[in-house]
Amino acid sequence: MKKILVIGSAGQIGSELISELRTRYGKNNVVASDISVGRLKDLYDDGPLEVIDVTNKQHIGNVVIKYKIDTIYNLAAILSAVGEQSPMLAWNIGIGGLLNCLEVAKEVKCAVFTPSSIGAFGGGTPLDFTPQDTIMRPQTIYGISKVTGELLSDYYYKKYGVDTRSVRFPGIISNMTLPGGGTTDYAVEIYYDAVTQKSFTCPLRPGTFLDMMYMPDAINAAIDLMEADPAKLKHRNAFNVTSMSFDPEMIAAEIRKHIPDFAMNYEIEPVKQGIAEGWPNSMDDSAAREEWGWNPKWNLQTMTVDMLKMIREKYAKGLI
Ligand code: SER
């Protein structure tokens, strides 16, 4: 990987992936792009920025050729809960966008990383210690597009030799850019509300266990997989990866170790609750560990300390 394009750079993952990629590969070797570059200009004036609408193949092709890109990180997506309000938009961005990336990659021979998700599971998936290879019949447009994306990515690898690789991300917790419209977003919002108002209204029921991951582990997962020796990969699209599994009561208890009067209320959002119940409680990520050395560093305890510290700093500066 020497010349990298990130599509969807202003989003929750993209905004942090850009910094790490520029540190590792050099700022001029990493092109940040999004549907508009307004916010990116504030975040990243230290390297190339381009406007790319992922549903426009020409946009992608032009930038790939202009910078001689060899690896695309395609992060454009509509998350699970909001996808249920606009299924066609979720499909057009998730699958239309992916096909555009794969077609460009086929023409110029570049690698493609497109995250899959715990959302790809459902409809009979074993929910405890969910295997790498198992039943996947998701009930959301987000999940359907993630399974389709995995299959298409494997298809382009087998048929055309496009170097496609992916992970099934769990809920990603971070403090730079908020996620938008996901079922796992509560595990980010809870930290902001804990700092700013010492209480949180949770949309998921106690006992709803989901896999989660702190952003630094997610960034390492994406980059380490793209750097992995292809000879060792038995799977490609996509690897189970997880760092921790908890329910709302567990994260609240962890926050109370630092904010003893933190109060948790519940107002269940039926769409999110229904989605969460179809997703794994905890995944088996041994294939990722064996095939490319996946080894997460963060857990609920260490993540909570860091999240509260970072969000308190933002609050003190008047940024939230
Ligand atoms: N964080 C995503 C969502 O909740 C799951 O991949 O939609």
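For ligands, and for the atoms within them, numbers begin at 1 and follow the listed sequence.
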Numbered atoms and elements of ligand 1 in range of Ser117, under 4.0 angstrom, heavy atoms | 5 (C), 6 (O)
Examine distances only and state if a side-chain atom of Gln139 and a backbone atom of Arg137 form a donor-acceptor pair shorter than 3.5 Å.
-> yes
Would one find an N or O of Asp185, backbone or side chain, under 3.5 Å from an N or O of ligand 1?
-> no
May I ask you to identify, for Trp279, whether its side chain, its backbone, both or neither come under 4.0 Å of ligand 1 on a heavy-atom basis?
-> side chain
Counting each atom of ligand 1 from 1 as listed, which ones have a heavy atom of Thr183 under 4.0 Å away?
-> 3 (C), 4 (O), 7 (O)
Sidechain-backbone polar pair: Gln132 side chain, Ala238 backbone, donor-acceptor under 3.5 Å | yes
Answer yes or no: are there more than 12 heavy-atom neighbours, outside Tyr157 itself, under 6.0 Å from its atom OH?
-> no
Hits for side chain to side chain donor-acceptor pair (under 3.5 Å) against Asp224, two or more places apart or cross-chain, chain-then-number order -> none
For the pair Trp292 and Phe239, name the ring-plane relationship: parallel under 30°, tilted 30 to 60°, perpendicular over 60°.
-> perpendicular
Of the choices Asp211, Thr184, Leu210, which has the non-hydrogen atom that lies closest to atom 1 (N) of ligand 1?
-> Thr184
Shortest protein contact, atom 7 (O) of ligand 1 (heavy atom only) = Ser80 OG, 2.7 Å
